[in-house]
Amino acid sequence: QVRLVESGGGLVQAGGSLRLSCAASGRTSTINKYAMGWFRQAPGKEREFVTLISRSDSTSYADSVKGRFTISRDNAQNAVHLQMNSLKPEDTAVYYCAANPIAATTFPSQYAYWGQGTQVTVSS
């Protein structure tokens, strides 16, 4: 019903920036109908919440990224973006976007649709 594709990951030195994008497609994938979240998973660790934007464009951030990351929605492009500044080595992970048609939540289990992930590697 909805397909999500992340892009923009890569290798960057500590203190640098990356901009991730998540494009949605499908017959029922109008992005303004979904709360959209970004999650990340580092090797050997659980998938964790990073940020979300609700259907009314309210945003929430994990404490570890607050002030450095910004989530935004572009309805014209049917996409969400994650601007990541002042990156740290501990930000290294696979980043996933996810869509929730019901409500905004920080729990990965509540999201029905996921992208394939994009690797972000931050070197010290």
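Only a predicted model underlies this, so the values are computations on that prediction, with no experimental measurement involved. Position 1 is the first residue of the sequence; numbering continues from there.
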Exercise. Please check if the side chain of Thr59 supplies one atom and the backbone of Leu52 the other of a donor-acceptor pair under 3.5 Å.
Key: no
Quiz item: Atom SG in Cys22, atom CH2 in Trp38: separation rounded to 0.5 Å?
Solution: 5.0 Å
Quiz item: What's the spacing between Gln13 CD and Ser124 OG if we round to 0.5 Å?
Solution: 9.0 Å
Quiz item: Does one hydrophobic cluster hold both Leu18 and Ile71, with members joined at side-chain heavy-atom distances below 4.5 Å?
Solution: yes
Quiz item: Pick one: which of Gln77, Gln83, Met84 meets side-chain contact (heavy atoms from CB on, under 4.5 Å) with His81?
Solution: Gln77
Quiz item: Does Ile53 belong to the same Ile/Leu/Val/Met/Phe/Trp/Tyr cluster as Val2, with side-chain heavy atoms less than 4.5 Å apart forming each link?
Solution: yes
Exercise. Go through the steps for Leu87 and Thr92 under the test side chain to side chain contact (heavy atoms under 4.5 Å, CB included), then give the verdict.
Key: CA-CA 9 Å; Leu87 283 162; Thr92 295; over 6 Å; no
Quiz item: What residues, two or more places apart in sequence or in another chain, satisfy side chain to side chain donor-acceptor pair (under 3.5 Å) together with Gln110?
Solution: none
Quiz item: What pairs with Asp91 under side chain to side chain donor-acceptor pair (under 3.5 Å), at least two apart in sequence or on another chain?
Solution: Arg40, Arg68
Quiz item: Under 3.5 Å, side chain of Asn100 to main-chain N/O of Ala103, donor-acceptor pair present?
Solution: yes
Quiz item: Quick one: do Phe49 and Val120 end up in the same hydrophobic cluster if we chain Ile, Leu, Val, Met, Phe, Trp and Tyr together by side-chain heavy atoms under 4.5 Å apart?
Solution: no
Self-check item: Rounded distance (nearest 0.5 Å) linking atom CZ of Arg3 with atom OG of Ser25
Solution: 5.5 Å
Practice problem: Heavy atoms only: give me the nearest Trp114-Pro108 pair and the separation to one decimal. | Solution: CZ2-O, 3.3 Å
Quiz item: Backbone N or O of Val80 within a donor-acceptor pair of the Asp74 side chain at under 3.5 Å?
Solution: no
Practice problem: For residues 49-81, pull every pair meeting disulfide (SG to SG under 2.5 Å), keeping only residues two or more places apart or in separate chains. | Solution: none
Practice problem: Examine Val94 and Val12 and state if one hydrophobic cluster contains both, with Ile, Leu, Val, Met, Phe, Trp and Tyr joined whenever side-chain heavy atoms are less than 4.5 Å apart. | Solution: no
Quiz item: For the atom pair CG (Leu20) and OH (Tyr95), what is the distance rounded to the nearest 0.5 Å?
Solution: 7.5 Å
Quiz item: Would Tyr61 and Thr70 count as a side chain to side chain contact (heavy atoms under 4.5 Å, CB included) if you check the C-alpha gap in whole Å, the side-chain angles of each, and the deciding distance to 0.1 Å?
Solution: CA-CA 8 Å; Tyr61 297 89; Thr70 303; 3.8 Å; yes
Quiz prompt | For the student: nearest non-hydrogen atoms of Met36 and Ala99, plus distance | solution = SD-CB, 3.6 Å
Exercise. State which residues pass side chain to side chain donor-acceptor pair (under 3.5 Å) with Arg73; sequence neighbours excluded, sorted by chain then number.
Key: Asp57
Quiz item: Taking only residues two or more places apart in sequence, or in another chain, which ones meet Tyr111 in a ring-ring contact (aromatic ring centres under 6.0 Å, His included)?
Solution: Phe39
Quiz item: Is the cationic atom of Arg55 (NZ for Lys, CZ for Arg) positioned less than 6.0 Å from the six-membered ring centroid of Tyr34 and within 45 degrees of its normal?
Solution: no
Quiz prompt | Spacing of CG belonging to Leu4 relative to CD1 belonging to Ile31, to within rounding of 0.5 Å | solution = 7.0 Å
Exercise. Say whether, by atom type as modelled, one donor and one acceptor occur between the side chain of Glu6 and the main chain of Gln116 under 3.5 angstrom.
Key: yes
Practice problem: Specify the closest pair of heavy atoms between Ala23 and Ala79, including all atoms of both residues, with the distance to one decimal. | Solution: CA-CB, 4.2 Å
Quiz prompt | For Ser17, side chain to side chain donor-acceptor pair (under 3.5 Å) partners two or more places apart | solution = Asn85
